[in-house]
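These notes concern the structure reproduced below.
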Amino acid sequence: MSIFPFFRKPQIKKNQTRLSGMSKSTRWDSEDSESKQLPIYQHRNKLTQAVKNSPFLVVTGETGSGKTTQLPQYLHRAGFCKYGKIAITQPRRVAAITVAQRVAQEMRCPLGREVGYQVRFDDCTSQDTVVKYMTDGCLLREVLADPGLSQYSVVILDEIHERSLNTDILLGLLKKIFSNPAKATKGRAFPLKVVVMSATLESDKLSSFLGDCPVFAIPGRTFPVTCTFGSAIGPKDIESTAYVKEVVKMAFDVHTSEVAGDILVFLTGQSEIERACDLLFEKAETVDYRFDVQDPTVEGLLILPLYGSMPTDQQRQIFQPPPPGIRKCVVATNIAATSLTINGIKYIIDSGFVKQLNHNSRVGMDILEVVPISKSEAQQRAGRAGRISAGKCFRIYTKEFWEKSMPEYTIPEIQRTSLTAVVLTLKCLGVNDVISFPYLDRPEERFILEALKQLYQFDAIDRRGRVTQLGELMVEFPLHPGLTRSLLKAASLGCQDLLLPVAAMLSVENIFIRPGRPEKQKEADKKHRGLATRVGSMNDFATLLSIFQSCKSSDRPSAWCKENWIHWRALKSAFSVETQLREILLRLQQVQNFPVETFDGNKSELLRQCLCTGYFTNVARRSMGKVFCTMDGHGSMVHIHPSSSLFDQEAELNWVIFHDVLVTSRVYIRTVCPIRYEWVKDLLPKLHEVDVYELSSVAREEVTDKEMKKWETREAAKRQPGF
DNA sequence: GAGCACTGC
C-alpha cells in the first residue's frame with residue numbers, strides 16, 4: 001500500500017524533460033492555491049523581470065515570504081533554464097534537502113529529476129535537474145573545479161544574513177568574477193545572473209557591495225511578538241551564570257500565568273540545559289493545578305532538553321505535539337534558532353547568551369566562550385514565537401544590558417575564524433591578492449597574514465605567496481590543512497591506512513560520550529581508558545585509529561559503541577568521511593604527479609612521524625612539572641587535558657604534539673602524542689622564519705628581490721643551533 | 001583532575 005494514496009507519479013516524456021519549463025507546456029501553469037497565497041506571488045512578474053534586467057539582484061523578505069521555494073520556480077517558468085541550471089545555496093544540509101523536496105512536490109516531479117539537491121555524501125540530481133538546491137560548501141567546491149560556473153544560468157545565494165563563511169566567500173567570488181561584463185560573458189551564451197536573498201536587515205549594504213544593484217523587497221507573513229525585558233541580568237553580569245536560575249524562574253512564571261501555548265527556552269550548552277531542566281522539573285512538581293495555574297486548560301508541563309549531540313531519536317521527540325492539556329517546554333541551545341523549527345511555540349525565554357567559537361590571533365588559538373548575543377540574534381530568537389499566531393518573548397536581561405552589552409549584529413564568521421583553509425581556497429582560485437579580495441566584511445589583516453604564514457609553514461604556498469604543487473593537492477581535501485599535510489605525507493610513504501581513519505575521526509564531532517551523572521561518568525571514563533592503546537607509548541591519535549578499526553571490524557558496531565560509551569552517530573560519519581578521503585586520495589594519485597618518498601625510520605613510529613609534518617605548529621615542550629610550553633612563537637603555558645591517555649604521565653614526557661586547545665579553568669591541550677625532538681628539529685625553524693609583517697607583501701604577491709634577500713639574511717641569523 | 005554552541009566540504 002502506498003503511504004500517499006493520492007500521490008500519482010507524473011507522466012514524463014523523455015524529450016520533454018530537459019527544456020520543459022520554457023516551452024509552452026502547461027505543466028507548471030496550474031499552481032496550487034497555497035503557493036498563490038504567498039506574499040511573493042503578486043510580485044512574480046516584476047521579480048523575473050528584475051532578474052532579467054540586472055546581473056545582480058538583492059531580494060529581501062522575512063521567513064514565510066516564500067522566496068526560497070517560489071523564486072526558482074518563477075525563473076524556471078520564465079525560461080532561465082534554457083541556458084543552464086538554477087542553483088540555490090543554503091547554509092545547512094537539512095534545509096537544502098527539505099526545500100528541494102517541497103519544490104519537487106509543488107512542481108509535481110519526482111525529486112532528483114527537474115528539481116534535485118546536492119549535499120556532501122548525498123547527490124540527488126540527474127541529467128534532467130535544472131533547479132538544484134545545494135549547500136554553500138558544495139557550490140564552493142564546484143567553483144574550484146569550474147570558476148566560470150558554466151553549467152548555471154542563475155545562482156541564488158539564500159540566507160545571506162546568516163553570514164556563513166562559505167556564503168561570504170561565494171559572494172565575494174561571484175562579485176569578482178561576474179561584475180566585469182567582459183568576464184561575465186566569457187565562454188557563456190548568456191551572462192550569469194546572481195540573486196542574493198536575505199532577511200530585511202542590511203539590504204542597502206548588500207546592494208552597494210554589488211555595485212548598487214536593485215533591491216526587491218517582499219513583505220513577510222509572520223505574527224507580532226511582544227518582547228519584555230527583565231530586571232535580573234544587567235551589564236555587570238556578563239561573567240556570571242545567574243541567568244540559568246533566572247531563566248528557570250521566568251519559564252515557571254510563564255507556565256503558571258500565561259494561557260496555553262508551548263515554551264522555548266534559549267540557553268548555551270548541554271550541562272546548563274540539563275541543570276535547568278532538573279530545576280524546572282523540581283518546581284513543576286510543586287504546582288497545584290487547581291490554584292496555581294491561571295489557564296484551566298493547562299494541566300501539566302512536559303520538559304524537554306534539546307542540543308546537537310543528543311541522540312537523533314531523542315531529538316525527534318521534540319517535534320511531537322504534547323498530549324492534550326500538557327504544555328511543552330523545550331530547553332535548547334542555539335540549534336533552535338535556525339537549524340530546527342518547532343511548531344506550536346508561543347513563548348520564548350531568552351537568556352541573552354550564546355556559546356561562540358572565536359579565533360584569537362594573539363595566542364593563535366580558537367577559544368569557545370559564552371558571550372552576549374547580538375540584537376539581531378535576539379530578534380531572530382523572538383521571531384520563533386510568531387510563526388503560527390501572536391507570541392510573547394521574555395528577555396531575562398535588562399534594557400540596559402540590551403543597550404550596553406549587546407552588539408547590533410553578530411560578528412560574521414569570516415571575522416572570527418581561522419582563515420587558513422579559506423585563504424588556500426582563494427589562492428587556488430587564482431585570487432593572488434587575498435587582502436584586497438572583495439569581502440562583504442573584511443577580516444582583520446593579521447588574521448589573513450596568520451593564515452598565509454601557516455600555509456607557508458605547511459609548504460602549501462611558496463615565499464612569494466604562490467600555491468605549490470602540494471597546496472594544489474591539499475585544497476582537494478575537506479580537512480584542516482595541517483591534518484591534510486600529515487595525510488599526504490603518509491600517502492607518499494605508502495602508509496595512508498594509518499592516517500585516513502585518524503583524519504576522519506578528528507574531523508567529525510566528538511566521539512566520546514560523557515554523561516552528566518557522576519556514577520555513569522566513572523563507568524564511561526573507565527571504558528575510555530581501556531580503549532587507549534600503547535604503541536610504544538600512550539598516544540591519543542593511535543587510540544582513535546584503534547577505536548575506528550575495532551568498531552569497523554565488529555559484528556555489531558552500534559552495540560560495540562554503546563558498550564564502550566562511544567557516539568555511534570559520530571563514528572558512522574567518521575566511516576563515510578574516511579571513505580571520501582580515500583576516494584579523493586586515489587583520484588589524485590591517478591591524475592597528479594604524486595610525490596613518493598621512502599622511509600628509513602622505525603616502523604612503529606611511522607604514524608607519529610607523519611603526524612609531525614602537519615602538527616609541528618602544535619608542538620609543546622615540558623617546562624616544569626605538568627606545565628608545557630608551546631613552541632609556536634606564542635610560548636603559551638598549557639596542560640594536558642584529563643581526558644588524554646597521557647594525563648598523569650607528564651613526568652615521562654618531554655616533547656608532544658597536540659590536535660587542539662581547550663580553554664576552561666586552564667589552557668588544556670587535547671588529543672596528545674609524545675614525539676622525539678629529532679622529528680621536528682628541522683621543521684621548527686620554519687615557525688620563526690617569516691615575520692607576519694613581511695608577509696603582507698606575500699599576501700599581495702608583490703615581493704621584490706630586494707625584500708627576498710633581506711629575509712634570507714634574517715632567516716640565516718634566526719637559524720640557531722639546537723632550535 | 002575534566003565543562004566542546006552550531007554549521008559545512
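Proteins get letters first, then strands, A, B, ... in listed order; numbering begins at 1 in each.
- Residue Arg582(A) qualifies as enclosed at atom CZ: its count of foreign heavy atoms under 6.0 Å is above 12.
- Inspection of the Glu377(A) and Thr410(A) side chains reveals an N or O donor paired with an N or O acceptor under 3.5 Å.
- If you take CD of Glu272(A) and C1' of dG3(B), they are 10 Å apart, rounded to a whole angstrom.
- Note on Thr135(A): every side-chain N or O is 4.0 Å or more away from OP1 and OP2 of dG8(B).
- Residues forming a ring-ring contact (aromatic ring centres under 6.0 Å, His included) with Tyr307(A) (at least two apart in sequence, or on another chain): none.
- One atom, CG of Asp136(A), and another, P of dG8(B), lie 9 Å apart when rounded to the nearest Å.
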For this session: Could you please spell out the steps behind the ring-ring contact (aromatic ring centres under 6.0 Å, His included) verdict for Phe447(A) and His359(A)?
Result: CA-CA 9 Å; Phe447(A) 275 48; His359(A) 181 72; 5.5 Å; yes

For this session: Give the intermediate values and the outcome of side-chain contact (heavy atoms from CB on, under 4.5 Å) for residues Arg163(A) and Glu413(A).
Result: CA-CA 7 Å; Arg163(A) 306 300 306 276; Glu413(A) 201 182 353; over 6 Å; no

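- Checking dC6(B), dA2(B), dC9(B) against every side-chain atom of Pro478(A), the shortest atom distance belongs to dC9(B).
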Problem set entry | Evaluation steps, side-chain contact (heavy atoms from CB on, under 4.5 Å), between Asp158(A) and Gln90(A) | CA-CA 6 Å; Asp158(A) 199 5; Gln90(A) 295 291 320; 2.9 Å; yes

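- If you check the side chains of Ser576(A) and Arg120(A), you find no donor sitting under 3.5 Å from an acceptor.
- For the pair His480(A) and dC9(B), the criterion of a side-chain N or O lying under 4.0 Å from OP1 or OP2 is not met.
- Nucleic acid contact class of Thr268(A) (heavy atoms, under 4.0 Å, all strands): sugar-phosphate only.
- Across dA2(B), dC9(B), dA5(B), the shortest atom-to-atom separation from the side chain of Val119(A) is found for dC9(B).
- Residues from residues 570-579 of chain A with heavy atoms under 4.0 angstrom of DNA chain B: there are none.
- Within the 4.0 angstrom heavy-atom criterion, no nucleotide atom of any strand lies near Phe477(A).
- Partners of His659(A) according to the ring-ring contact (aromatic ring centres under 6.0 Å, His included) rule, which considers only residues two or more places apart in sequence or in another chain, are Tyr615(A).
- DNA chain B is contacted by both Phe647(A) and Glu413(A); Phe647(A) maps to the nucleotide lying nearer its 5′ end (nearest heavy atom per residue).
- Comparing Leu479(A) and Asp648(A) by the nucleotide of DNA chain B whose heavy atom lies nearest to each, the residue mapping closer to the 5' end is Asp648(A).
- Taking atom CG on Leu170(A) and atom P on dT7(B), their separation rounds to 20 Å, with Å as the unit.
- In this structure, Asn510(A) atom CG and dA2(B) atom P are separated by 17 Å, rounded to whole Å.
- For Arg141(A), the salt bridge (charged side-chain N to carboxylate O under 4.0 Å, His left out) test picks out no residue, with sequence neighbours left out.
- Rounded to an integer number of Å, the gap from His359(A) NE2 to dC6(B) C1' is 19 Å.
- Within residues 658-667 of chain A, the residues approaching DNA chain B are Leu662(A), Thr664(A), by heavy-atom distance under 4.0 Å.
- Counting non-hydrogen atoms under 4.0 angstrom, Leu165(A) reaches nothing in the nucleic acid.
- When the P atom of dG1(B) is taken as reference, atom CZ of Arg514(A) falls 14 Å away, rounded to whole Å.
- Of the residues in residues 90-102 of chain A, those placing a heavy atom less than 4.0 Å from an atom of DNA chain B are Pro91(A), Arg92(A), Arg93(A), in numerical order.
- Looking at heavy-atom distances under 4.0 Å, Gln270(A) makes contact with sugar-phosphate atoms alone, never a base.
- Side chain of Leu368(A), nearest nucleotide from dC6(B), dC4(B), dG1(B): dC4(B).
- Among the atoms of the strands shown, base atoms are found under 4.0 Å from some heavy atom of Asp525(A).
- Across the protein-nucleic acid pair, Arg670(A) atom CZ and dG3(B) atom C1' stand 11 Å apart, rounded to whole Å.
- If you take CZ of Phe353(A) and P of dA5(B), they are 16 Å apart, rounded to a whole angstrom.
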